[in-house]
Every structure is written in C-alpha cells, then in structure tokens.
Amino acid sequence: MHASSRRWPRWAGWSPQAARLARKLARMTTSSMPPRLKLPLGIQNLAKLRQQGCYYVDKTGLAVDLIEAGSYYFLSRPRRFGKSLLVDTLKELFEGNRALFTGLAAESRWDWSTRHPVIRISFAGSVSDPARLEERIHELIDENERRLGVQCTYRSVTGRFTELIRLAHERHGAPAVVLIDEYDKPILDRIAEPAQAERMREGLKELYESFKAVDEHLRFVFLTGVSKFSKVSLFSGLNNLTDITLDARWSALCGYTDEDIDTVFAPELPGLDRDEIRRWYNGYNWLGTGVYNPYDVLNLFQKRVFGAYWFETGTPSFLVRLLAERKVFLPRLQALHTNAALLSSFDFDRIAPEALLFQAGYLTIHDVRQPVLGRWMYTLGYPNREVEASLNEVLLPEYGVLGDAEAQERLTVILQRGALHELETLIRSLFASIPSDWYRSNPLAGFEGHYASVFYSHFAALGLDVRVEDATSHGRIDMAVLYAGRVFLFEFKVVDRQATGAALQQIKARGYADKYRARGEPIHLVGIEFGRAERNVVGFEVETIQGLAPLSAPSAGS
C-alpha cells in the first residue's frame with residue numbers, strides 16, 4: 001500500500017479519555033449545525049415557502065401582536081423588503097390555515113376557531129395609464145368576488161368595493177379583512193409625470209375613500225407600500241389609519257435582524273465574512289431593531305459573492321435627477337438632518353429629497369432627538385456600504401464625471417501604497433475630464449460644493465470606509481478615509497486665484513490627526529484647494545505622520 005493512502009486512526013496517540021472527549025465534541029459540532037435549506041428568493045407566498053422547506057424567519061408572533069393592538073394600519077417600507085410576504089401571512093392567519101403555522105409563534109396564540117373573509121388587493125405590476133388603473137381595480141374586485149362567492153350589483157369603484165365588503169361579511173358571518181399591497185405603485189410609476197401621477201392618485205383615492213362607509217363590516221385593514229402620501233391627498237376616507245412606519249415596536253416587522261442571520265441562516269455563514277455581511281447589508285432602522293434587506297442577504301447566500309443586489313433591481317433615474325436639480329451636497333447624505341413633518345409624507349407636486357431618499361430606502365434613521373417637547377428631529381444616513389457605494393456611482397455622471405473603471409482601480413492601488421503624489425495627478429485628471437460645456441449648461445456649475453461632492457463620490461463609489469464631517473474634539477474633518485491600514489484626512493478649500501496652503505494648515509492647527517493616532521497606522525494629511533476659475537485643483541499639499549504604536553501586551557512573566 002502506498003504510504004500516502006494509509007488510513008491512520010483519527011485519534012491515534014491520544015489518551016483514551018482525550019479520544020472519547022474529542023469524539024463527543026466532534027459529534028456535537030456535526031449535529032448542532034442544522035441542514036441547509038432552500039433559499040426563499042422571490043417567494044412571497046407563505047404556503048409555498050413552508051411547503052417547499054425554505055428558510056423562514058418567523059414574523060408570526062409580531063403579526064399577532066399587531067392584530068391584537070389595533071385594526072387599521074399603514075406601513076411604509078422600501079421595495080423588496082418582505083411586505084408582500086407579510087401581507088400573505090396576515091391573509092393565512094385570518095383565513096385560519098393552521099397547518100402553515102405549525103411550530104411557529106402564532107400557532108399557540110391564534111384563535112383558529114374563527115375565520116374571516118379576506119379581501120386582498122395588490123397593485124404589483126405596471127399600470128400604464130389612469131384608464132387602465134380603473135379597469136385594473138374592477139378586475140381585482142372581480143377576483144375577490146369569485147373567491148368569496150359573492151356578486152356585487154353596483155358599477156362604480158366606490159360602490160362595488162363597499163358592497164364587496166358588506167356582502168363578504170354577510171356571506172361568511174364574520175367581519176371582513178382588507179389587505180392592500182403596494183397601494184402607491186401606480187403613482188410612483190408615473191412620479192416623473194405630475195399630471196399623470198395626479199390622475200393616478202385620484203383614481204386610487206376613489207378606492208380608499210370607500211372604507212368610511214363600511215366600518216361596521218371590517219375586522220382589520222392593512223395597507224403597505226413604499227411611500228407615505230398625505231392623508232389629505234389620498235386617505236381622507238381613512239382618518240383612523242394608524243401609521244406604524246416609525247413605531248419602534250414594528251421596526252423589525254419586515255427584514256432580517258442580526259439574530260435572524262446568526263440563527264436561522266447559520267448554515268449559510270461558513271465561508272463568508274460575517275463582519276462584511278454586516279457592513280454591506282445591515283443598518284436599516286425605523287427607531288427600533290435594525291434589519292437587513294432580505295433580498296440582499298438571500299442573493300449573497302445563493303451567489304456567495306458580495307454585490308449590490310437590492311440597488312440593481314431599481315433604476316433611481318428620477319431620484320438622481322431630483323438630487324442634481326436641487327443641488328444636493330452629496331457628502332451631506334451621510335448625516336442629513338430633518339424633522340418629522342418633512343420625513344413622514346410627500347406628494348408628487350412637492351417632493352422633498354429627504355423624504356424620497358428615506359422612504360425609498362436610500363437613507364435610514366441614524367439618530368433621533370427631541371430638542372423641544374413634541375418636536376422630533378432625525379439624523380438620516382446611508383444604511384450600509386452597498387447603498388452608499390451604488391448611489392454615489394450612479395450620481396457621478398450628474399456631476400459631469402463619466403464612469404472610468406480603470407481610474408477607480410488606480411485610486412485603490414494609490415491608496416494601498418500611500419503614493420499621494422500620484423493621487424494629485426489622478427484628481428487633477430478627474431476634474432479636467434469634466435467637459436466645459438457641462439459647466440455652462442448645468443445648474444451645478446456655480447455650486448461650490450460641486451468639487452467636494454465629486455471628490456467624495458469618487459471614493460464612496462468604491463465602497464471604501466469614507467467619513468465626512470468627521471467630528472473631533474477640535475472641529476470637523478471634511479473627509480476621512482480608512483483603507484488598507486492607512487488613514488487619509490482631507491480638507492477642502494475653494495479659492496479665487498492662488499493656493500494659500502490654508503487647507504493643510506487647518507488639519508495641523510486643529511489636531512485632526514489626534515483622533516486616529518491610537519490606531520498605530522500611517523496618517524496622511526491632505527489639503528486640497530480648488531480654483532473657481534480653473535475648475536480644478538490649484539493646491540495639493542501632503543504630510544504623513546505615523547500613528548502611535550499600540551501598547552504591547554504584558555509578557556507572561558510580568
């Protein structure tokens with residue numbers, strides 16, 4: 001027998017006691033890891049998910065809590081966040097399909113003896129025009145009539161819907177449940193065309209006003225979508241609708257928590273960097289428990305490669321144009337301050353970028369405070385690395401910078417080597433590539449923050465750890481970048497003519513490097529001055545200092 005093919009006893013040379021313990025630990029390790037299950041990518045149906053043996057993050061306990069706490073709800077969450085699965089779960093609960101909840105939190109808490117007729121409306125898919133919207137609403141009512149075994153006689157949208165609710169109650173002997181998914185999609189699909197969006201809103205308003213007349217026939221109402229339009233414009237017939245979007249109790253009603261990733265999806269984690277999963281996909285928060293976007297996580301587990309999976313499913317062209325038109329200072333999006341009124345609602349004829357960014361999922365809540373009793377102020381920021389990098393990449397062309405993969409690769413190499421003289425050349429080339437026609441025709445041409453925005457977005461688009469307005473005990477650093485075992489501190493100035501050296505001087509005078517000295521890494525101080533007339537870098541000064549060496553661990557004998 002060839003020597004390499006011998007099979008030596010695994011525990012050879014071990015004492016009997018050690019071998020027994022090793023075998024026991026091996027069995028425990030092998031048996032404690034649950035088997036890998038099917039990933040529920042694209043599955044929004046609870047029955048299908050459960051019957052196919054997919055991973056399932058149990059939200060049924062929260063669903064029962066929600067039902068016990070009230071009757072009329074509205075929830076806003078970004079796209080692909082599990083809203084449709086939540087709606088389907090509520091449907092299965094009210095219809096009493098107990099078998100689907102075996103082993104779940106709701107099984108022992110729900111009254112399975114009572115069933116309610118469920119009217120389910122979903123505006124998923126595209127509705128091309130207002131005339132088609134009314135036709136689609138009638139089709140949805142038709143579907144619910146057939147499923148519930150009733151026949152309406154009224155022909156208007158309002159008349160048919162109220163009659164459907166009343167007949168469902170009479171036919172089934174229990175008040176009806178109404179679940180409306182993606183209530184706002186017809187409006188959002190035409191958000192860039194105000195006249196069409198208004199007609200869509202009026203068509204939906206006719207449906208949503210129906211609830212006012214049939215309260216006695218309703219057990220539960222739940223609407224969900226991406227955006228929160230004001231009650232005056234869309235929900236005048238639902239003045240008792242409770243908005244749970246920013247209620248801490250329901251922050252994790254959709255999405256996966258850190259605990260869910262570590263427990264439910266434990267079999268998927270080996271081979272993936274857990275900290276990177278957190279940095280790339282965690283961070284969404286609605287004043288309670290933070291969550292991951294399920295679509296991102298499931299794609300990562302399937303493909304085993306980090307990518308901008310959620311971001312790539314939607315093209316934020318309208319959002320990108322809006323940010324450019326409003327001259328939004330891009331670094332400000334890392335820490336954007338706003339109040340509750342501006343954050344909670346918008347209409348297509350007066351869209352605040354803060355509200356759109358938040359409701360669409362590009363920003364989330366980082367902090368909340370109450371400076372005056374009853375007045376809440378929120379600090380918004382990117383939820384994670386995926387969104388920050390991807391949004392900045394699509395925004396760069398709006399600032400005159402075309403995508404250049406080669407230049408981005410050069411930037412990472414320069415930072416890895418700390419070759420800052422090459423960085424100056426790259427940055428000059430970056431601004432020189434912006435066509436002069438762009439400056440003449442673009443509303444951002446006179447915007448001083450344009451220079452800092454382009455500079456920041458170029459770094460952020462790479463997915464680097466970029467920190468703007470980085471607070472220290474001596475002031476705020478314009479921009480800090482932590483990468484490849486190095487710290488880069490940038491200060492920007494815009495000057496009329498010649499460089500003055502004030503940018504680098506400010507970094508040194510205010511001791512900005514002190515915050516990072518304890519890391520023991522090289523710290524590069526970079527002062528950059530942009531000329532108004534030159535539209536480029538006119539001053540680029542660099543100084544490198546060494547951080548403090550970390551304290552060594554005491555020796556074993558000390």
Side-chain angles (χ1 to χ4, degrees), residues 41 57 76-83 226 245-246 251-262 264-265 268-269 272-316 319-320 323 330-336 343 353-354 356-368 378-396 412 456-470 479-483:
L41 257 174
V57 174
S76 168
R77 286 293 185 268
R79 56 190 167 80
R80 294 186 180 271
F81 234 94
K83 299 186 297 296
V226 170
T245 300
L246 295 181
S251 186
L253 192 57
C254 294
Y256 299 155
T257 66
D258 249 330
E259 183 181 0
D260 295 331
I261 301 297
D262 290 332
V264 177
F265 296 102
E268 301 296 327
L269 294 177
L272 294 170
D273 187 321
R274 184 66 180 89
D275 290 333
E276 283 300 322
I277 296 174
R278 190 174 289 110
R279 278 191 289 268
W280 267 83
Y281 301 124
N282 193 19
Y284 290 94
N285 196 290
W286 288 274
L287 302 182
T289 304
V291 292
Y292 296 71
N293 183 304
Y295 187 80
D296 270 328
V297 173
L298 295 177
N299 271 281
L300 171 66
F301 291 154
Q302 182 188 67
K303 299 181 171 92
R304 316 301 294 178
V305 174
F306 288 88
Y309 300 115
W310 172 79
F311 190 90
E312 290 171 355
T313 61
T315 305
L319 173 64
V320 169
L323 294 177
L330 299 184
R332 182 171 165 244
L333 297 183
Q334 272 201 355
L336 186 63
L343 190 65
E354 297 93 327
L356 185 58
L357 284 162
F358 170 68
Q359 294 180 18
Y362 299 103
L363 297 181
T364 193
I365 296 174
H366 284 190
D367 186 43
V368 60
Y378 300 97
T379 300
L380 306 180
Y382 295 110
N384 49 46
R385 196 68 54 79
E386 177 212 9
V387 175
E388 181 174 18
S390 302
L391 184 59
N392 277 280
E393 187 167 16
V394 300
L395 283 170
L396 274 172
T412 58
Y456 156 74
S457 291
H458 207 66
F459 283 74
L462 292 173
L464 303 181
D465 185 353
V466 182
R467 307 173 183 186
V468 296
E469 295 293 320
D470 191 20
M479 188 172 109
V481 178
L482 279 59
Y483 181 63

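Since we're looking at a predicted model, the values are computed, not measured.
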Exercise. What about the rings of Phe265 and Tyr256, do their centers lie closer together than 6.0 Å?
Worked result: yes
For this session: Evaluate the criterion side chain to side chain contact (heavy atoms under 4.5 Å, CB included) for residue pair Thr245 and Gln359; output intermediate values, then yes/no.
Result: CA-CA 10 Å; Thr245 300; Gln359 294 180 18; over 6 Å; no
Return the minimal non-hydrogen interatomic distance between [X] and [Y], and the atom names on each side.
X      : Y      : value
Arg467 : Asp470 : O-CB, 4.1 Å
Arg80  : Lys83  : N-NZ, 4.3 Å
Pro78  : Gly361 : CG-CA, 3.5 Å
Trp286 : Val291 : CZ3-CG2, 3.7 Å
Asp260 : Gly255 : OD2-O, 4.3 Å
Gln334 : Val466 : NE2-O, 2.5 Å

Checking the side chain of [X] only, and the main-chain atoms of [Y] only, is there a donor and an acceptor separated by less than 3.5 Å?
X      : Y      : result
His366 : Tyr382 : yes
Asp296 : Asn299 : no
Arg385 : Gly463 : yes
Glu386 : Phe311 : yes
Thr289 : Ser251 : no
Arg278 : Asp273 : no
Trp310 : Phe81  : no
Ser76  : Val226 : yes

Roughly how far, to the nearest 0.5 Å, is the [atom2] atom of [Y] from the [atom1] atom of [X]?
X      : Y      : atom1 : atom2 : value
Arg304 : Leu272 : CZ    : CG    : 4.0 Å
Leu323 : Tyr362 : CG    : OH    : 10.0 Å
Ile261 : Asn282 : CD1   : CG    : 8.0 Å
Leu395 : Ser457 : CG    : OG    : 6.0 Å
Arg332 : Tyr456 : CZ    : OH    : 13.0 Å

With heavy-atom distances below 4.5 Å as the criterion, would you say the side chains of [X] and [Y] are in contact?
X      : Y      : result
Thr364 : Val387 : no
Glu354 : Leu363 : no
Gln302 : Glu268 : no
Leu357 : Leu380 : no
Tyr281 : Tyr309 : yes

Exercise. Does a salt bridge link Asp262 with Arg274, judged by any charged N lying under 4.0 Å from a carboxylate O?
Worked result: yes
For this session: Go through the steps to decide whether Tyr483 and Thr412 satisfy the test side chain to side chain contact (heavy atoms under 4.5 Å, CB included), and finish with yes or no.
Result: CA-CA 9 Å; Tyr483 181 63; Thr412 58; 3.9 Å; yes
For this session: Could you give me the CA-CA distance, side-chain angles and deciding distance for Tyr378 and Phe358, then say whether side chain to side chain contact (heavy atoms under 4.5 Å, CB included) is met?
Result: CA-CA 11 Å; Tyr378 300 97; Phe358 170 68; over 6 Å; no
Exercise. Got more than 12 heavy atoms from elsewhere within 6.0 Å of CD, Glu259?
Worked result: no
Problem set entry | Evaluation steps, side chain to side chain contact (heavy atoms under 4.5 Å, CB included), between Ile365 and Leu246 | CA-CA 10 Å; Ile365 296 174; Leu246 295 181; 3.6 Å; yes
